[in-house]
Amino acid sequence: MKWAIIGTWRMCLEGIIAAAEILKHGGDSGDAVEEAVRTVEDYPLYKSVGYGGLPNENCEVEMDAAFMDGDTLSIGAVGGIRDFKNPVSIARRLSRERFNIFLVGSGAEEYAHKNGFERKNMLTERAKKIWEKRVREISDKNLSPYDGHDTVGVVCLDGQGHMTAATSTSGLFMKKRGRVGDSPICGSGLYVDSKIGGAAATGLGEDIMKGCLSYEAVRLMENGMNPQEAAKKAVCNFSEKLKQKRGKAGAMSLVCLNNKGEWGVGTNVEFSFVNGQEKSGRRKQNGI
Ligand code: ASP
């Protein structure tokens, strides 16, 4: 079986390259997806994930992350966690628990501490300056406080047919303390079943979670659609539904991968993604 991997936004390029190295050498999908997301979490200049992520309205970086295993449907997630270096690794660890698999705030931090995860002040000087500027802009120019958010969401298939998915984000810039988006929510921010395929989402969490978008894309694949058709249909249909019911729809994008390594994307905005796959013994990468 050929390996394949896809992730949201240009920011995951270095992570996908690191994951591809693992997959090329016969490594496990769970290790590859975790490595891809950790690479993004560690990079200080990406403003919406991990270290350097933009803070909430109290100038605190609160992060959401999840990990899902497509063989067992095990899921682990953290919401609103602060001051830990790699939320995705904490989520992966939680996915091995039988109970208490989704922890938020101080409970998530306590678990991470007890299990030896590395602490780190995730607020960079740069993110703080951007926050200060936004505070001024909100009062001077009446600017929307919530502009500026993205999630790294990755779906991966390894050479043994094992599929996984993972997400990580600092959520909406200037969000209320305690706000949790779609990214750690199973079925909304991510979903994967090794017998079918997986999907991961980015965009306005408040809207994505209304449509359980990632689950919907996997369901469409299960019913016979290829990943491109499924991603497009899930996003477009739900976006239309929201417009009809509520007059507007927030930004939503999906990356999808099936268990044959075929991939697709759907979006109602401008969106970039990165994918890597084994092809005739060589790695191929694409992005738009
Ligand atoms: N979905 C994320 C959230 O709402 C943000 C994003 O992906 O743009 O927290």
Side-chain angles (χ1 to χ4, degrees), residues 7-19 34-66 78-91 105-106 108-109 112-113 117-154 166-184 189 200-205 250-251 253 269-274 287:
T8 55
W9 303 115
R10 156 63 183 84
M11 65 175 155
C12 72
L13 177 62
E14 294 79 8
I16 295 280
I17 289 171
E34 182 182 357
E35 181 62 27
V37 173
R38 280 176 71 102
T39 305
V40 185
E41 288 177 337
D42 289 341
Y43 192 70
L45 298 185
Y46 295 138
K47 294 182 293 188
S48 57
V49 177
Y51 186 57
L54 292 175
N56 66 14
E57 65 176 1
N58 305 90
C59 203
E60 302 153 332
V61 182
E62 287 185 322
M63 301 166 293
D64 301 337
V78 290
I81 191 168
R82 300 189 334 192
D83 295 333
F84 277 90
K85 184 173 173 283
N86 292 112
V88 72
S89 299
I90 303 164
S106 56
E109 288 154 18
H113 177 70
F117 287 95
E118 190 177 336
R119 278 185 184 276
K120 183 169 179 166
N121 173 11
M122 300 300 271
L123 182 67
T124 59
E125 269 310 307
R126 179 172 180 263
K128 195 166 160 223
K129 286 213 173 82
I130 297 172
W131 180 86
E132 285 163 355
K133 183 163 172 263
R134 183 61 62 91
V135 170
R136 286 196 300 275
E137 287 170 343
I138 293 165
S139 71
D140 296 354
K141 300 187 202 156
N142 216 6
L143 211 79
S144 162
Y146 300 124
D147 287 348
H149 52 85
D150 285 330
T151 298
V152 59
V154 180
T167 55
S168 185
T169 184
S170 50
L172 296 191
F173 184 22
M174 290 285 173
K175 64 189 178 183
K176 297 278 176 213
R177 177 186 280 158
R179 179 261 183 197
V180 174
D182 61 300
S183 310
T202 178
L204 184 66
S253 306
V269 287
E270 220 173 283
F271 171 63
S272 63
F273 66 94
V274 179

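Please read all numbers here as calculations on a predicted model, not as lab measurements.
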The criterion is salt bridge (Lys or Arg N to Asp or Glu O under 4.0 Å); which residues satisfy it with E14, sequence neighbours excluded? R10
Could you please spell out the steps behind the side chain to side chain contact (heavy atoms under 4.5 Å, CB included) verdict for M11 and Y43? CA-CA 9 Å; M11 65 175 155; Y43 192 70; over 6 Å; no
With rounding to the nearest 0.5 angstrom, report the CG to CZ distance, L13 to F273. 12.0 Å
Test side chain to side chain contact (heavy atoms under 4.5 Å, CB included) applied to V152 and I16, V40, T39, the passing residue: V40
Per the side chain to side chain donor-acceptor pair (under 3.5 Å) rule, what does the pair list look like for residues 123-132, sequence neighbours excluded? none
Mind checking salt bridge (Lys or Arg N to Asp or Glu O under 4.0 Å) for E109 and listing every partner two or more places apart, or none if nothing turns up? none
By side chain to side chain donor-acceptor pair (under 3.5 Å) - contacts of S170 (at least two apart): none
Holding to side chain to side chain donor-acceptor pair (under 3.5 Å), I want the full list of residues that pass it with E60, two or more places apart in sequence or in another chain. N56, R82, R177
State which residues pass salt bridge (Lys or Arg N to Asp or Glu O under 4.0 Å) with K133; sequence neighbours excluded, sorted by chain then number. E137
S183 meets the side chain to side chain contact (heavy atoms under 4.5 Å, CB included) criterion, sequence neighbours left out, with T151, T167, T169
Sorted by chain and residue number, the side chain to side chain donor-acceptor pair (under 3.5 Å) partners of T8 (sequence neighbours excluded) come out as none
Report the residues that fulfil salt bridge (Lys or Arg N to Asp or Glu O under 4.0 Å) with E62, sequence neighbours left out, ordered by chain and then residue number. none
Would you give the length of the straight line joining atom CE of M122 to atom CG of D83, rounded to the nearest 0.5 angstrom? 8.5 Å
Partners meeting side chain to side chain contact (heavy atoms under 4.5 Å, CB included) with E41 (sequence neighbours left out): V37, R38, V49, N86, P87, V88, S168
Could you list all the salt bridge (Lys or Arg N to Asp or Glu O under 4.0 Å) pairs where at least one residue sits in residues 45-54, not counting sequence neighbours? none
When you look at R134 and L54, which way does the side chain to side chain contact (heavy atoms under 4.5 Å, CB included) test go after all the steps? CA-CA 11 Å; R134 183 61 62 91; L54 292 175; over 6 Å; no
In this structure, CG of D42 is separated from CD of E35 (nearest 0.5 Å) by 8.5 Å
Just do the side chain to side chain contact (heavy atoms under 4.5 Å, CB included) check on F271 and T202 with the steps written out, would you? CA-CA 10 Å; F271 171 63; T202 178; 3.7 Å; yes
CZ of F84 to CD of E118, rounded to nearest 0.5 Å, is 10.0 Å
List for me each residue that meets side chain to side chain contact (heavy atoms under 4.5 Å, CB included) alongside A108, sequence neighbours excluded, and say none if there are none. V78, I81, L103
